[in-house]
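To start, the structure itself, in structure tokens.
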Amino acid sequence: MKIDRAKSIEMQPLRLISFLMFVIFVLFCCQENETEVSRDESVMSGAELAMIYCDSCHAYVPPGQLDKSTWQTVLKRMGYFMGFREEGVNPLSGLPLEEALRLEVGNVYPQSPIMSDSSWVKIQSFILREAPDTLPLPQTSTLPVTTLFKSSLEKTSLGGFPMVCMLDYDEQYQRLYLGDINGLVQELDQDLEVTNFTKMPNPIVKTIRNPQSDELYMLDIGFIDSKDLQYGAVGTTDLATFSQRTLLFEELPRPVDMAIHDLNDDQQEDIIICGFGNQVGRLSWYQKSDNQYVEHVLEWRPGAIKVEVIDLDENDSDDILVLFGQGDESLIAYVNKGKGQFERKVILRFNALHGVSDFELVDMDQDGDVDLVITNGDNGDYSQVLKPHHGIRIYINQGDFSFEEAYFYPMYGAYQCEVRDFDEDGDLDIFVSSFYPDFTSDLNQSLLYLENKGGLSFDPYQIENAHAGRWMVLDAGDLDQDGDQDIMIGAYTLGPGQIPEDLQRKWFESDNHVMILYNQTRQLSDQ
């Protein structure tokens, strides 16, 4: 299958242009930082200094969120970001030249310290003094297994050990799209028979079916692993045969999510792309004009992990809502002011250990506006320990872009969620997967169903066969066309985490690529 580089589509942005824009932005920020008001740090405490320097990059992290031993590892890494290096240690050593250059120009690891040695010593001493010897982990109890879902470990034509990195269900056309680390993309019908497939150079992590153009849009991450190399892309293929492929964009910084929407009311569909990157990245929307795309950068920063388009302020123009991880964890709204202009509003801000990973916009309290369900359990950084603050949170809409936390359920490594009325009783339930569970204990709690009992109260249930894989991607929809909502889950065996060798070997040897949870609501109601 030959890729048509699309004579009618202008390839923007080119790598050189985007890199020069990035350099200009960094230099401007550095000049801005030089104007900070001077302060006498010699009289300040470690706590005061930690508040100042931590909050300049992300929300302040309380020392109690990690144990002393883990803090020692994290502080060493933090030192690199503040210009402190151990003698003979270069954090850029071993990186490809292109990646090292981007980090060097971006001043990710400053050549000289941004504070005095004494101030850095004070900050470290304060954190290690206040941190607990061990984290107080919640007691986990054995949960009942729900009878609402019947699990089925499906046989697929995906080869090798389970490495599913994309699973999207198209409710309208009743098609399931699967992608693996080898770049394979499959379209399956409701019987999980392959109706179309194609092979891409790199892993595809998102697909969007566009019936208006009769195309499937595919988001190519470039590298699954955390790298600052711009090998990501967006391509399309025809829905009829998957044989005609077109490259829309290339040289993107590890894109992980996208949305297609007419943002400026010109009757042409624009594209928003979350360039997660690693230490550098960008969030952009690409304005379509005839057969060309022009990039508009909304944020020069890494960590954009999920995007939704919704009219948040209810003024008949659609806004962009983006979840950011990776350092300055936050939920940001880009309020549509018309004519392609957006106003940035911080909705929620979290500390750098929060681990935000997914969110859903739903009306949980049934008062007519959208609330937020957010999972926070990303644990692939330098502090891979079980964290008691990981889990599922509900934030209730207070109006005027304000949301307040109203519910928390602890879950180690909570990673993705789907919010639907699964039991068809009139309220919204929550299904959650964990990519970083307690690998040495109860793996059956890596998949949880939270049944809504009203008043933001939920009964938790575990899922049969949850231990059969390491689950990374999921979606929901009426796969078997019986009228209720099923759940489709994909397994990804590799990835960060302290996995016992025997458990990982077991997953390597399995062919449990996909598990379907068939909803039994209609069958139970007929009994």
Side-chain angles (χ1 to χ4, degrees), residues 145-158 162 164 166-180 184-198 204 206-218 237-242 260 360-363 416-433 447-452 461 463-466 468-469 471-491 511-527:
V145 177
T146 180
T147 58
L148 187 68
F149 298 101
K150 180 176 178 58
S151 70
S152 176
L153 295 165
E154 301 290 346
K155 303 301 180 185
T156 71
S157 59
L158 296 173
V164 179
M166 182 272 293
L167 186 152
D168 293 316
Y169 182 66
D170 187 290
E171 188 83 57
Q172 182 178 359
Y173 292 91
Q174 302 162 25
R175 287 294 183 267
L176 178 65
Y177 296 95
L178 287 181
D180 69 6
L184 183 64
V185 178
Q186 294 184 339
E187 179 188 68
L188 290 79
D189 61 18
Q190 70 182 64
D191 297 318
L192 300 180
E193 297 292 331
V194 178
T195 55
N196 264 320
F197 73 93
T198 188
I204 302 299
K206 177 76 173 183
T207 56
I208 298 177
R209 184 182 178 116
N210 189 342
Q212 294 184 3
S213 61
D214 200 35
E215 293 175 309
L216 184 72
Y217 284 70
M218 301 176 292
T237 190
D238 66 296
L239 287 168
T241 65
F242 276 36
I260 300 174
E360 291 277 281
L361 285 164
V362 287
D363 186 5
Q416 286 200 329
C417 64
E418 285 294 329
V419 183
R420 310 286 176 93
D421 184 7
F422 289 110
D423 56 5
E424 298 190 337
D425 65 350
D427 52 29
L428 294 173
D429 313 298
I430 304 173
F431 182 85
V432 191
S433 67
L447 298 175
L448 292 180
Y449 168 61
L450 303 181
E451 181 187 352
N452 195 333
Y461 294 89
I463 306 295
E464 63 176 345
N465 288 323
W471 311 108
M472 186 170 77
V473 290
L474 66 91
D475 206 349
D478 188 6
L479 179 65
D480 56 7
Q481 295 300 296
D482 67 348
D484 49 29
Q485 294 289 296
D486 309 305
I487 299 171
M488 299 131 272
I489 317 169
D511 57 358
N512 299 330
H513 297 263
V514 175
M515 182 162 68
I516 308 297
L517 304 182
Y518 289 103
N519 196 321
Q520 303 298 295
T521 299
R522 297 303 172 93
Q523 289 88 333
L524 293 172
S525 63
D526 292 339
Q527 293 177 1

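Below, each value reflects all heavy atoms present in this structure, side chains not excepted, and no hydrogens, waters or symmetry copies.
In terms of the side-chain hydrogen bond (donor to acceptor under 3.5 Å, both in side chains) criterion, Q190 has no residue partners (sequence neighbours excluded). Partners of T156 by side-chain contact (heavy atoms from CB on, under 4.5 Å), not counting sequence neighbours, listed by chain and number: L158, H513, V514. Every residue two or more places apart in sequence or in another chain that forms a side-chain contact (heavy atoms from CB on, under 4.5 Å) with Q212 is listed here: N210, E269. Not counting sequence neighbours, the partners of D511 by the salt bridge (charged side-chain N to carboxylate O under 4.0 Å, His left out) test are K155. The side-chain hydrogen bond (donor to acceptor under 3.5 Å, both in side chains) test applied to D486 returns no partner, not counting sequence neighbours. Residues satisfying the ring pair (Phe, Tyr, Trp, His ring centres under 6.0 Å) criterion with F149, sequence neighbours excluded, are F422, Y449. The side-chain contact (heavy atoms from CB on, under 4.5 Å) search around K150 returns E464, Q520, not counting sequence neighbours. Y173 meets the side-chain hydrogen bond (donor to acceptor under 3.5 Å, both in side chains) test with no other residue; sequence neighbours excluded. For N452, the side-chain contact (heavy atoms from CB on, under 4.5 Å) test picks out M364, D427, D429, F458, with sequence neighbours left out. Under the side-chain hydrogen bond (donor to acceptor under 3.5 Å, both in side chains) criterion, D478 pairs with no residue, sequence neighbours left out.
Nearest heavy atom pair, residue Y461 against residue E451, reads CE1-OE1, 3.4 Å. Closest heavy-atom contact between I489 and L167: C-CD1, 3.7 Å. Here the closest heavy-atom approach between residue L447 and residue S433 is recorded as CD2-CB, 3.6 Å. Summarising the geometry of S152 relative to Y518, their closest heavy-atom pair is CB-CE1, 3.8 Å, with the distance given to 0.1 Å. Counting all heavy atoms, side chain and backbone alike, N465 lies closest to S151 at ND2-OG, 2.9 Å. Pairing each heavy atom of D189 with each of L479, the nearest pair is O-CD1, 4.4 Å.
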- [ ] In sequence, state the C-alpha distance, the side-chain angles, and the governing distance for V164 and M472, and then conclude on side-chain contact (heavy atoms from CB on, under 4.5 Å).
- [x] CA-CA 8 Å; V164 179; M472 186 170 77; over 6 Å; no
TODO: Run the numbers on M488 and L178 for side-chain contact (heavy atoms from CB on, under 4.5 Å), then give the verdict.
DONE: CA-CA 10 Å; M488 299 131 272; L178 287 181; over 6 Å; no
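Remark: the backbone N or O of E193 is not paired with any side-chain donor or acceptor of D191 at under 3.5 angstrom. Judged purely by atom type and a 3.5 angstrom limit, N512 has no side-chain atom pairing as donor or acceptor with the backbone of L153. A donor-acceptor contact shorter than 3.5 Å is absent between the side chain of Q186 and the backbone of V194. Here the side chain of N196 pairs a donor or acceptor atom with the backbone of A240 at under 3.5 angstrom. Put simply, the side chain of R420 never gets that close to the backbone of Q485: no donor and acceptor are under 3.5 Å apart.
Here the OG1-CD distance, from T521 to E424, works out to 5.0 Å after rounding to the nearest 0.5 Å. Here the straight-line distance linking atom CZ of R175 with atom OG1 of T195 works out to 4.5 Å at 0.5 Å rounding. The CG atom of L148 lies 6.0 Å from the CG atom of D423; values are rounded to the nearest 0.5 Å. Note that OH of Y217 is 12.0 Å distant from OG1 of T237, once rounded to the nearest 0.5 Å. Remark: T146 OG1 to L450 CG distance equals 11.0 Å, nearest 0.5 Å. If you take CD on E360 and CZ on F431, they are separated by 12.5 Å, rounding to the nearest 0.5 Å.
Here the side chains of M166 and V473 are not in contact, with every heavy-atom distance at 4.5 Å or above.
Listed by first then second residue, pairs satisfying salt bridge (charged side-chain N to carboxylate O under 4.0 Å, His left out) with a partner in residues 207-216 read E187-R209, not counting sequence neighbours.
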